[in-house]
Amino acid sequence: MATAAWHPQEDGLKEICGLLEQYRLPTVDQSRIWQQHQRCSQLPDFNNYLAFILCRAEGDAVNIRQAAGLLLKNNLRNNYQLIQPGHLQYIKAEVLPCLGSSDFGVRSTVGTIVSVVVQHGGFQSWPELYQALVQCLDGNDYNHMEGALGALFKIAEDLPEMLDSEVPGFADRPISIFIPRLLQFFTSEYAVLRKLSLGTVNQFIVLLPSALFINMGQYLQGLFSLANDSSGDVRKLVCAALVQLLEVQPSALQPHMKNIIEYMLQANKDSDKDVALEACEFWSAFCEAHIPPDFLREFLPRLVDILLDNMVYADDDEALQDEDEDENAPDRDQDIKPRFHQSRLMGATDGAEEDEDDDDADIINSWNLRKCSAAGLDILSTVFGDEILPILLPLVQVRLSTTEESAWVQKEAAILALGAVAEGCISGLSPHLAQIVVYLVSFMEDTRPLVRSISCWTLSRYSKWIAEVAQSPEGQLQFDAILKGLLRRILDPHKRVQEAACSAFATLEEEAAEDLAPRLELILQHLMYAFGTYQRRNLRILYDAIGTLADAVGSELNNPKYLEILMPPLISKWKQLLDNDKDLFPLLECFTSIAQAFGPGFTPYAEPVFMRCINLIRIHQVAKADPQNTSVNYDKEFIVCSLDLLSGLAEGLGSSIESLVSRSDLRDLLLQCCADEAPDVRQSALALLGDLVKACAVHLQPRLAEFLNVAAKQLGQDVKENVSVANNACWAIGEVAVKIRSDISPVVLTVISSLGLNKSLLENSAITLGRLGWVCPELVAPHMEHFMQPWCRALGMIRDDFEKEDAFRGLCAMVRSNPGGAVNSFVYMCEAIGSWHEIRSKELSLEIAQVLHGYKQMLSQSKSWEQYFGVLDATLRDKLVNTYGL
């Protein structure tokens, strides 16, 4: 490639070098430098100057050259299509010879520029690069080899498929040329080259192109030869490669599996903790790859012992550094993790609700060898079950029995291990659990805060068992001991223990539910005492524990005595927090659960809470529409949390909320939220729409048609992207149908065509379709034959409740209106009817009987009753005969 005829102007070069030099100075006026940069960047050949400085400014400091290169890289990444072809040609011609620069910083920066250009233009736009990379790899100059490998690594890291694509004018795909050369570097005398070549090949494991598949044997031999490499970075990459291959191509490893397991056991004890961590990932990958467990069985005694050793806190673990931090130490900003509110999901969820993050063991925030080892033991216990207990329990017993003060970390790891196997080994542990729980309760009183905190977590892992045994008198005593132990730890002076105890208590609340009711006064006294002492981070967890308690005990909480303990401190905090304070989020969530649990008992606090929610929605809608003229920054979470709290109020207060709604502009605000572009705002708004329809429909009627049209739109083409929004829209339309009935008719056909029994919201679609058929059978029944079979299948999957009753009332109404429309679906209809365990409504049961007898009469006239009824399963036939007198 001939260098384009461009030469820098001396003044321009001097100005840009000066700019780059000043930009590095910590005392420089950044705004002035930014303005100067903006002015220079308007020059059409600004990027040429940067390329010239990077590649030719030999006399300038290396960091100025690197700064020019990084700025050039960013400009290429962001504005590649805007750069003139001639200038692009110049840049390519300048940087290519520097791929092997004697300065590491320069050639590394050139590698990133090469990667960006290839991403945008591909190899076909720069054939000289392809040739240069091959020449560098085939040469003997270290700088050239390292520069080429560095560039290839960056390309493979950013866009591996680019190397596995056909290139016009090339005989082979680039990867077919590079893979054999990369594999040769596995035996290089230079650790950096071994690391770069292995790291580059590893980028293709998931993609598994044919070039790698063909060379798999050589690749594996290369990995095995590097297994004991002197470089920790290389050993780490070997472990990473084996873990990825286990996930993507386990069959390639199976012939070597025993040797690989042996190696991973050794690597798990590597003095380099990064290598040990990478190796530890192997055990989870092995279990998830569904490889025959027999491969691993003989190694279990050694593996369990190693995992247990690695579960001990490392000397540099941040938890050890913070161990002595008491409740008076101020929270650091980095201690307070960002929180994300989950919008309300109504009706039957059909799996639409996203799983919450499982952060049970997130006592420290970073992934490390300790946590990875615990996760490995956890998944091993799910595969091997009780089989690992004879290996594990003696090791745990030895560690728990230690009395040496310095060995407390061994005890702590043993307690963690008991928590890790709680689910997988519950059957084998059951005979020992009463004694294990006694130990754990005593360990919650240990002098070491980290032993107390892990004991809380491990106890929470057995919450289901604890709640089950609480049903016996003996179990009640143990339950009380556990509860009081956790409550004491909630008031622990150490913040880490407070956090673990609160989280453990919230888990126990979910399982124990109504068993907590007789103990509510004691629980609330402890929680509200903690409320007066906790700092911001743990206060958020405490809010969750209070909200979970309200969800668990429900209306049992509606007692003036409990109200007096709980509400004054919460309301005081509610008044202290400003409208733009994000600490309002967990408090709003907490109030949502409390309002639902207290029901009418929440009335004394309802108006100020209601008005604050309305105000928060209004403030943030204004901030969104006119950000220049508002005192707060728009944050949709304030709207979402407020909408959800209003839903909780509507659910708790019922028709009593009517007076609050009538004196507010909630209806208009809600309509705006139902049409908001943010899916989570729409989701919560539609949930509130349904709740308000149930509580005070009259106040929505003036704009009901608009609400229904907005809701129907959510059932359109983007359902898959926003399943939860569509779910709530579907549910809300069904609530409107049941409550307001005649006003639903204008949108019935739109809704029917939109629903189509979408697989993502099958149950709610089935319920809403039935409710529409119940209210407007004359509109829905003519279309029965188009949806009857999938609808009946969906009805059969819904659990027995009042919503299912509504849907079957719709089925009966539609069949009465159009009996012929369901004849071809008679078998499906009978199967749906047979899905009932018990119909509580005698009226509905009679309606279903009439439908079945009607079909028997109609089909008997054509002498086809036996033909239709006879194809049913014998058990179902007997059930229908006995239940409905057929």
Side-chain angles (χ1 to χ4, degrees), residues 1-6 45 47-48 50-52 54-56 69 72-101 106-185 193 196-197 200-201 203-204 207 209-212 214-215:
M1 179 191 290
T3 304
W6 179 90
D45 53 358
N47 290 314
N48 291 20
L50 296 176
F52 182 88
L54 169 66
C55 301
R56 293 181 180 256
L72 175 59
K73 176 203 73 173
N74 291 333
N75 290 348
L76 289 169
R77 175 171 288 154
N78 299 326
N79 304 298
Y80 188 86
Q81 304 302 331
L82 302 178
I83 299 173
Q84 296 176 22
H87 292 163
L88 204 53
Q89 192 85 341
Y90 174 82
I91 293 166
K92 290 177 181 178
E94 286 295 308
V95 300
L96 199 54
C98 291
L99 201 57
S101 169
V106 171
R107 65 175 181 269
S108 176
T109 306
V110 165
T112 63
I113 292 170
V114 164
S115 174
V116 171
V117 173
V118 170
Q119 283 181 58
H120 283 281
F123 279 99
Q124 66 268 27
S125 71
W126 199 0
E128 296 86 355
L129 169 65
Y130 177 78
Q131 296 156 10
L133 288 171
V134 171
Q135 287 172 7
C136 288
L137 294 174
D138 290 347
N140 293 313
D141 183 277
Y142 174 84
N143 293 335
H144 283 83
M145 292 187 291
E146 197 268 353
L149 286 171
L152 275 174
F153 176 81
K154 293 179 179 76
I155 295 169
E157 184 179 38
D158 293 334
L159 215 64
E161 56 269 25
M162 186 70 79
L163 286 160
D164 189 36
S165 302
E166 301 285 352
V167 180
F170 284 36
D172 294 300
R173 296 182 178 192
I175 195 168
S176 300
I177 303 300
F178 291 129
I179 284 281
R181 288 172 166 81
L182 290 167
L183 294 174
Q184 288 176 6
F185 277 98
L193 303 189
L196 283 171
S197 57
T200 303
V201 178
Q203 300 293 337
F204 295 99
L207 196 63
S210 58
L212 180 56
I214 291 166
N215 289 282

side-chain contact (heavy atoms from CB on, under 4.5 Å), paired with V167, selected from M162, Q124, R173: Q124

Distance in Å, F52 CZ paired with D45 CG, rounded so as to fall on 0.5 Å steps: 12.5 Å

Nearest atoms (heavy-atom pairs only) where L196 meets E146: CD1-O, 3.9 Å

E128/K92 salt bridge by N-O under 4.0 Å criterion: no

Pair N47-L76, side chain to side chain contact (heavy atoms under 4.5 Å, CB included): steps then yes or no: CA-CA 8 Å; N47 290 314; L76 289 169; 5.7 Å; no

Spatial distance of atom CG (N75) from atom CD1 (I113) [nearest 0.5 Å]: 10.0 Å

Geometric class of the F170/Y130 ring pair [parallel <30°, tilted 30-60°, perpendicular >60°]: tilted

Steps toward side chain to side chain contact (heavy atoms under 4.5 Å, CB included) verdict (K154, S108): CA-CA 10 Å; K154 293 179 179 76; S108 176; 3.9 Å; yes

Minimum heavy-atom distance N143-G100, with the two atoms named: CB-O, 3.4 Å

By side-chain contact (heavy atoms from CB on, under 4.5 Å) - contacts of A151 (at least two apart): L99, V114, L133

Minimum heavy-atom distance between C136 and H144, given as atom pair plus value: CB-O, 3.4 Å

ring-ring contact (aromatic ring centres under 6.0 Å, His included) partners of F204, counting only residues at least two apart: none

Minimum-distance pair of heavy atoms, taken over all atoms of C98 and V106: CB-CG1, 4.4 Å

Check: M145 and F185 side chains under 4.5 Å, non-hydrogen atoms: yes

Minimum heavy-atom distance between L152 and T200, given as atom pair plus value: O-CG2, 4.0 Å

Verdict with supporting geometry, N48 and E94, side chain to side chain contact (heavy atoms under 4.5 Å, CB included): CA-CA 9 Å; N48 291 20; E94 286 295 308; over 6 Å; no

Spacing of L159 atom CG and H120 atom NE2 [to the nearest 0.5 Å]: 10.0 Å

Nearest-0.5 Å distance, CG of residue L207 to CD of residue E161: 6.5 Å

From D158 atom CG to F153 atom CZ, the distance as rounded to the nearest 0.5 Å: 9.0 Å

Euclidean distance, R107 CZ relative to T112 OG1, rounded to 0.5 Å: 13.5 Å

Closest heavy-atom pair and its distance - G69, L54: CA-CD2, 3.9 Å

